[in-house]
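Residue numbering restarts at 1 for every chain, and letters A, B, ... go by the order of the sequence lines.
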4 protein chains.
Amino acid sequence: MTDHAAVKAALTRQAIETPSWAYGNSGTRFKVFAQPGVPRTTREKLDDAATVHQLTGAAPTVALHIPWDKVDDYTALAKYAEERGLRLGAINANVFQDDDYKLGSVTNPDPGVRRKALAHLLDCVDIMDATGSRDLKLWFSDGTNYPGQDDIRARQDRLAEALHAVYDRLGDDQRMVLEYKLFEPAFYTTDVPDWGTSYAHCLKLGDKARVCVDTGHHAPGTNIEFIVAFLLRENRLGAFDFNSRFYADDDLMVGAADPFQLFRIMYEVRRGGGFDDGSDIAFMLDQCHNIEAKIPAIIRSVMNVQEATAKALLVDRDALAAAQRSGDVLEANAVLMDAYNTDVRPLLAEVREEQGIAPDPVAAYRASGRQERIVAERVGGEQAGWGA
Amino acid sequence: MTDHAAVKAALTRQAIETPSWAYGNSGTRFKVFAQPGVPRTTREKLDDAATVHQLTGAAPTVALHIPWDKVDDYTALAKYAEERGLRLGAINANVFQDDDYKLGSVTNPDPGVRRKALAHLLDCVDIMDATGSRDLKLWFSDGTNYPGQDDIRARQDRLAEALHAVYDRLGDDQRMVLEYKLFEPAFYTTDVPDWGTSYAHCLKLGDKARVCVDTGHHAPGTNIEFIVAFLLRENRLGAFDFNSRFYADDDLMVGAADPFQLFRIMYEVRRGGGFDDGSDIAFMLDQCHNIEAKIPAIIRSVMNVQEATAKALLVDRDALAAAQRSGDVLEANAVLMDAYNTDVRPLLAEVREEQGIAPDPVAAYRASGRQERIVAERVGGEQAGWGA
Amino acid sequence: MTDHAAVKAALTRQAIETPSWAYGNSGTRFKVFAQPGVPRTTREKLDDAATVHQLTGAAPTVALHIPWDKVDDYTALAKYAEERGLRLGAINANVFQDDDYKLGSVTNPDPGVRRKALAHLLDCVDIMDATGSRDLKLWFSDGTNYPGQDDIRARQDRLAEALHAVYDRLGDDQRMVLEYKLFEPAFYTTDVPDWGTSYAHCLKLGDKARVCVDTGHHAPGTNIEFIVAFLLRENRLGAFDFNSRFYADDDLMVGAADPFQLFRIMYEVRRGGGFDDGSDIAFMLDQCHNIEAKIPAIIRSVMNVQEATAKALLVDRDALAAAQRSGDVLEANAVLMDAYNTDVRPLLAEVREEQGIAPDPVAAYRASGRQERIVAERVGGEQAGWGA
Amino acid sequence: MTDHAAVKAALTRQAIETPSWAYGNSGTRFKVFAQPGVPRTTREKLDDAATVHQLTGAAPTVALHIPWDKVDDYTALAKYAEERGLRLGAINANVFQDDDYKLGSVTNPDPGVRRKALAHLLDCVDIMDATGSRDLKLWFSDGTNYPGQDDIRARQDRLAEALHAVYDRLGDDQRMVLEYKLFEPAFYTTDVPDWGTSYAHCLKLGDKARVCVDTGHHAPGTNIEFIVAFLLRENRLGAFDFNSRFYADDDLMVGAADPFQLFRIMYEVRRGGGFDDGSDIAFMLDQCHNIEAKIPAIIRSVMNVQEATAKALLVDRDALAAAQRSGDVLEANAVLMDAYNTDVRPLLAEVREEQGIAPDPVAAYRASGRQERIVAERVGGEQAGWGA
């Protein structure tokens, strides 16, 4: 039996961080398609994020990307966010968009480039001090394209050195979450290609270092929920970067490609205590809305995470445990599927109404006229986008 | 027994087309790294291609990409090439870099966009008339990112309609080669995702429509040499786009990721008559030299194709056939591997010397001082690159 | 707007063929786990299939595998089936479990083996004459394990020859459905590895040759619904072999690994007319219940197909077409997802009750005491299984 | 500059363990093809292994699989081996071929089954005491086929408990090497699916626990040499199980599918000190010769490992380091490829002749008449094979 009130409480409590860059233009190597009404400044991105939070009640924080969101005064930016009902979330370091980083950042064979990259990472911790952010999110595009190009092992030494320097700089309430990715933009080796590599580095760093699971960064066939369960058992799961993919790192809306996988992941989060009060796992989106309208896509993504969470919370764990104990494969599977097959949209509508917001956030956005307003207002200037 | 003279004759005859865009800058969605000395105009690209041909003796033609290589006078451009010992090769249509193509080009739900795309394709045939090019290479980025986004079947209808219109415009000595690709930039469906789709359309169009096999465009685990063998048996293999990959469409130098696969492909080309005198298969490179120096990378790529070809030509087909007939699995495999394990670099050095060129084209390029010269000369202006 | 009555009519009409071998033991190369109560004869398999049909109302036919289901009198077998409310379905030829087939069956380099294999295929058509089966299902394990082992192209010649001989033997109302599979048991090449190969052979054979799509036989990342849509457009989709997989050809219960994919496939079936009255597509299960109880697993599989079908039928095609036409990516996706997110179990319970059967077939099976009965009765003799 | 004498010394020193089961019959779930002359007892397997070692000089130890190689007196078996110039190598525990293990062995929800599995593992250590084997190789087929079937996290708890019990039983000079595998025979989760899981368990166990890298057990696209380099840096690489694959765990002859990958792996072994005198890495074959003759296939496999090793040893590390330091991508790659493209067969023939053995072991085997002899002699009895 599931406790309906507890399910609703957990759903009400759930917070999903949206990324500032998802509000701007993005694309593939072939083309970035511009969209009307896209923010031109970080403050406009925060305005959009505030809209998402107002309509969903579930997106109270916004992740920044430095230097894309570089501003003169981060304290002022944090205040701007606060006035809109938001807080600033994870600081994402960017050490991949400078010509110096052609052969790597912290793992570059050139010590000068490594110093430059490290300095940027430390700057990001300074920014965290100003914004009050808890998490420094590290993703390194570092790797090689050709066999022999660089020494795989020496690059690990360099990586470890940089991570230690950053770790030592963290404050008591700050954390480092280390992302891994199979490939892209590096096409032969990536210096943090899988959860094992991230985990091994985190272990050596200490308790404030955690693994970040980006749902689009795995080899085909990887069982992501296994990794989630394993890291939760080890108390090393720091954050999710949610998105979905059919092939590689497609960065589609979370839940769009394989909603059943998202549900299974969320069930393991629940199983490992990740929805419990006091859990410190960060649930973040990291997506590229290349062809779809950005704000409604982000709203939809937040809703997809909520729906998968609701289904995970509805799993009858007692019945499941009984079937598992008795070795009844079909019954155990059926208990899980019963929750997945439930239409949780009415439940979430109810949760929203109890929070005083519209039951259908996408429809509310469409009805609000806001899209037309920003299209009309945001004319001139340079649209935000990857690299801007 | 292999006929040494025949092997050398085939190697001397081999022509590998280099793509104009490989001489310019390229990158991933994360960053395009600029390189010094990169061409600023199509003529400068042809200058570089001429260098590659002079040093290898094996790269007499250059593929163009329209509009990246748009010029006012294509006849003059062909003459410019000819003066440098080159001919203009395949015309590559580009219907993916315009804002109108966000939801597709020839398969776009909007008939106006479809008309625009088709007009561009027909323009490309006009250019072929001027350049004397035989092949129109068609790659469509068309597809969808989300389930439901568009009607899969209707898009095939639209595709077929456009292909027929272009086919009907081809001259007697012109061909259409239709490329397929699993994914990217479309992330849910691609309108020509596999060889079967390309083949089926070509069958309906007629003999001048052929399949183009890009070695980086397959699902993991696909046996490319099977496809090559199959298409040769059907007389529908039109062209190769060579490159290599570890993961997705990495566009690394051909032969860099899996030289044994390249050899197996080349053996099937030989088996199917593709190296015979009079064969009409186009051997083209289609690569992105994101971090390595472009001209020597292209030279190396040409050499990699030559080495794989040499090994394929050295396979003792009589011994192979005998082992295959007798069901001797290990012996048949050993015959093939014997050729692969042979160091063919001395043989190719010999072939080059007989052609009056340096035995080691990369060393010759390094010694020529040309790289330093173009770095010094090509200052100012805008470097060529994807989208330029 | 969807027409509720039409949806229910289509669901009532739907027929899913169950395979005789799924009722017997199966396993992996590591172990076949025996289960109590498993049939020892083809007639006992039919008894189990009759149970499935009684409880679901949707599984009226049973596919046979020759020689696993070899009997002396097929006419008597058909009568036995009929008395239990069943018909005999597709005849599955087996040319992979004899020592002679180590290097292939119809593509074997040894003409004697090829003759033996062809004779078996022709025998299967004789059996079809006796059973009244419409479809001959051909899956060839043929292929090679090592590069060079055999001539890829010559094997296609041999395959084509055998297929023609079988095709010529088919009666007017009989069909051949040709399955493809990426790999296993052959590990380097497979002679019919993909839909394109199957399609190309079918084209040359004639209208009675159709492609069989086994949902577990593709390379990672393959978009199966695209293939379904394409083959329906070409009128070459003959049959489905349903099952599901996370990795390779796992042969799990259909819908268990990726229910959203199954829904997308079913939507394309609907889009292409495959659920229309008079459609001749065969919907078959082809699964291995290695560790779960067989009869309830098959019941569950039938229900999973029904649920995916129901969702596909609920898609509001007018709203979808409107969103697609207007290029509204998010709305088009939302229309599709709205149907997918609907809980169709009440609808299917209703359909069953209108047919006079229990709303929950799995519960009905559990309550029936039949499992205990067959466990008690089927003692002694040899259990049916792969190879038996 | 490479030191020729040092290369030859390393090659002379290299020892490759062959697995007893590779001498017996094996197959896929579809069919096990029997071969004439296959051993009927473990002693006959050792006879064959002795032949391989005599002809290659490089295969001095043989891995056993319990219970396939269960004998009454392991000390006598070790003596039998010694008399033939062999030693007994790793003991491979088998907890997957008993009906009790349908839902797992050490991770089974049933504590009785877990106890049984653990008892077998402890028995294997007893056998190690008798045979003088250093390594206990653990591969668990444990996992689940369906979402929900069992609790992912609880299974880790059970696994950890069993591993600790076995670890505590190891003698001072004994080790445990823990294999990982993505999938098969479990099709949803595997309890040790990747190197990270194995590594994390080994870390907690202690220094005598090491990771075993089976080259066929990874997700598509996984960079195996990265894992090798990483584990060597952590001093946690215990052993290799060599084989090759195009798709899944195909268990083909090592080096047959991707010889370049094998070379890259071997280069990282060299880079990490794994060929140094005193290195404790075990180089083992783990293959299935389903259709090819077994003894010559094993000889070929040993030679393939030797050739990849020779090429790895020929890499000019000074030149490589210089190119890497200077960021010369093409030159660094060229240095590596220069070694790979070298034909090392003459070098290995030389090494063999210096050891007093024939330069071509396969030819020597064919000429020896041994195959004909064992075919004639080994008649009657039951052939060894998987499960026997």
Checklist entry - Between B:E331, B:R233, B:H218, which has the largest tally of heavy atom pairs under 4.5 Å with chain C? => result B:R233
Checklist entry - For C:A248, is it the side chain, the backbone, both, or neither that has a heavy atom closer than 4.5 Å to a heavy atom of chain B? => result neither
Next on the checklist: Using side-chain contact (heavy atoms from CB on, under 4.5 Å), reason through C:N333 and B:Q149 one step at a time and then give a plain yes or no.
Outcome noted: CA-CA 6 Å; C:N333 177 247; B:Q149 176 186 326; 6.0 Å; no
Item to check | pair B:N145-C:V329: side-chain heavy atoms closer than 4.5 Å | outcome: no
Checklist entry - What are the two closest non-hydrogen atoms of C:G148 and B:A332, and how far apart are they? => result O-CB, 3.3 Å
Checklist entry - Where on B:L330 is there a heavy atom nearer than 4.5 Å to chain C: the side chain, the backbone, both, or neither? => result neither
Item to check | Greatest number of heavy atom pairs closer than 4.5 Å to chain B - which of C:Y188, C:Y267, C:Y146 | outcome: C:Y188
Next on the checklist: I need the residue from C:M337, C:E225, C:Q156 with the largest number of non-hydrogen atom pairs under 4.5 Å to chain B.
Outcome noted: C:Q156
Checklist entry - Relative to chain B, which of C:F183, C:Y199, C:F226 shows the most heavy atom pairs under 4.5 Å? => result C:F226
Item to check | Identified side chain to side chain contact (heavy atoms under 4.5 Å, CB included) partner of C:D151 from the options B:E268, B:R325, B:R271 | outcome: B:R271
Checklist entry - Do you know which of B:T144, B:I152, B:D110 has the most heavy-atom pairs with chain C at a distance under 4.5 angstrom? => result B:I152
Checklist entry - Side chain, backbone, both or neither: which part of C:A200 has an atom under 4.5 Å from a heavy atom of chain B? => result both
Checklist outcome for this item: Whatever's closer than 4.5 Å to a heavy atom in chain C on B:A339 counts as neither
Checklist entry - With only heavy atoms counted, which part of B:E234 is less than 4.5 Å from chain C, the side chain, the backbone, both or neither? => result side chain
Checklist outcome for this item: Bottom line for B:N223: the part with an atom under 4.5 Å from chain C's heavy atoms is side chain
Checklist outcome for this item: One option among C:G221, C:A334, C:G196, C:P147 has the most heavy-atom pairs under 4.5 Å with chain B, and it is C:P147
Next on the checklist: Between C:D157 and chain B, with a heavy-atom cut-off of 4.5 Å, which part of the residue counts as in contact: side chain, backbone, both or neither?
Outcome noted: both
Checklist entry - In terms of heavy-atom pairs under 4.5 Å, which option from B:T222, B:T197, B:T189, B:L103 contacts chain C the most? => result B:T197
Item to check | Under 4.5 Å from a heavy atom of chain C, the part of B:R264 involved | outcome: side chain
Checklist outcome for this item: Residue from B:A229, B:P109, B:P220 scoring the most non-hydrogen pairs under 4.5 Å with chain C is B:P220
Checklist outcome for this item: Interface check, chain B: of C:L336, C:T190, C:D150, most non-hydrogen pairs under 4.5 Å belong to C:D150
Checklist entry - Can you tell if the side chain of C:D194 reaches within under 4.5 Å of the side chain of B:W195, non-hydrogen atoms only? => result yes
Checklist entry - At a heavy-atom separation under 4.5 Å, does B:S198 approach chain C through its side chain, its backbone, both, or neither? => result neither
Next on the checklist: Below 4.5 Å, heavy-atom pairs only: which of C:G104, C:P193, C:G327 has the largest tally toward chain B?
Outcome noted: C:P193
